[in-house]
Amino acid sequence: MTKKLFITTLVSLVVLLLGIVYILNKNKDIKPNVEQSQVEKTQIEKVDTTTASSLTFIVNKKHPLPENYEPKDLVRVPVKTNGTPWMMRKEASDQLVKLFKAAEKDGIQLRLGSGYRSYSYQKQLYNAYVQRKGKAASDTFSARAGHSEHQTGLAADILGADTRYDFTQNFESQKEAIWLKKHAHEYGFVLRFIKGKEEITGYMFEPWHFRYLGIEVAKKVQQAGTDITLEEYFKVEGGSYPN
């Protein structure tokens with residue numbers, strides 16, 4: 001082998017080795033993207049979001065419930081309330097009881113401020129708000145009949161010990177709300193109307209309003225991010241009413 005051929009061969013080997021090292025380092029760099037894609041897979045998991053009786057049915061301003069829909073497994077929730085006895089679907093009620101007990105062990109006192117509401121109840125409530133505040137303002141915090149999560153029997157308005165923070169956004173800073181944000185998903189509940197996502201959910205931020213999805217799904221939603229709405233997670237259209 002001539003000296004020139006030897007040098008040419010050596011240079012080729014060096015270039016080849018450098019190419020291999022580059023590829024290996026590049027694969028290391030894209031590893032976080034692979035992990036991210038695994039999270040994205042949880043966001044697009046196929047579940048039933050269109051059947052009213054499904055635990056993962058998404059009701060919002062674009063997707064209403066039938067007027068005559070009433071869950072068949074409603075039970076009275078045996079927890080402390082705001083003075084009104086509330087019902088929820090049995091599975092959601094059972095898990096809410098466990099949530100309340102776990103909170104109590106941590107020194108957190110909770111009250112249930114609202115549970116299941118029928119179509120007719122929601123209609124009366126919404127109309128009362130409209131008379132007092134007007135339609136545009138009411139639509140930011142109250143659902144029209146047929147569009148309320150409370151009609152599913154899977155929504156719970158959870159309040160703290162201090163009644164001054166009942167149904168106020170200031171509840172966010174209270175120890176009860178902080179505890180719920182950290183632990184609610186462990187019992188199948190997620191915060192439904194998230195701060196900064198009003199244009200997606202269609203409603204103002206409500207730190208007291210939690211939706212039951214089932215423990216497995218709730219944990220996956222939490223894993224996707226605490227600022228992920230159900231509309232984003234399940235890729236369901238949200239926003240304002242069609243008209």
Give a yes or no on this: more than 12 heavy atoms of other residues, nucleotides or ligands lie within 6.0 Å of atom NZ of Lys62. yes
Output yes when a side-chain donor or acceptor of Thr51 lies under 3.5 Å from a complementary backbone atom of Ser54, and no otherwise. no
Would you kindly say whether Thr163 and Asp166 are connected by a side-chain donor-acceptor distance under 3.5 Å? no
Would Phe210 and Tyr165 show up in the same hydrophobic cluster when neighbours are defined by side-chain heavy atoms closer than 4.5 Å? yes
Would you say the rings of Phe141 and Phe167 are close, in the sense that their centroids are separated by under 6.0 Å? no
Charged N to carboxylate O under 4.0 angstrom, Asp94 versus Lys90? yes
Just so I know, are the side chains of His185 and Val221 near enough to count as touching, which here means a heavy-atom distance under 4.5 Å? no
Is the backbone N or O of Glu237 less than 3.5 Å from a side-chain atom of Asn60, with the two atoms forming a donor-acceptor pair by type? yes
To the nearest 0.5 Å, atom CD of Glu176 lies from atom CZ of Arg111 at 9.0 Å
Identify, with sequence neighbours excluded, every residue that meets salt bridge (charged side-chain N to carboxylate O under 4.0 Å, His left out) alongside Arg192. Glu149, Glu231
Can you list the steps and then say if Tyr241 with His147 is a ring pair (Phe, Tyr, Trp, His ring centres under 6.0 Å)? CA-CA 10 Å; Tyr241 292 108; His147 294 269; 5.0 Å; yes
Taking atom NZ as the centre, does Lys181 end up with more than 12 heavy-atom neighbours from other residues, nucleotides or ligands that are less than 6.0 angstrom away? no
Give a yes or no on whether a salt bridge exists between Lys195 and Asp227, defined as a side-chain N under 4.0 angstrom from a carboxylate O. no
So, do Ile158 and Leu180 sit near enough that their side-chain heavy atoms are less than 4.5 Å apart? yes
Side-chain contact, heavy-atom cut-off 4.5 Å: Val59 with Thr152? yes
Flag the pair Phe193 / Tyr203 as yes when their ring centroid distance falls below 6.0 Å, and as no otherwise. yes
Would you check if the distance from the ring center of Tyr121 to the ring center of His150 is below 6.0 Å? no
Main-chain N/O of Thr56 paired with Thr49 side-chain donor or acceptor, under 3.5 Å: no
Heavy-atom count around Lys197 NZ within 6.0 Å, excluding the residue itself: above 12? yes
With a 4.5 Å limit on heavy-atom distance, are the side chains of Leu96 and Val77 in contact? yes
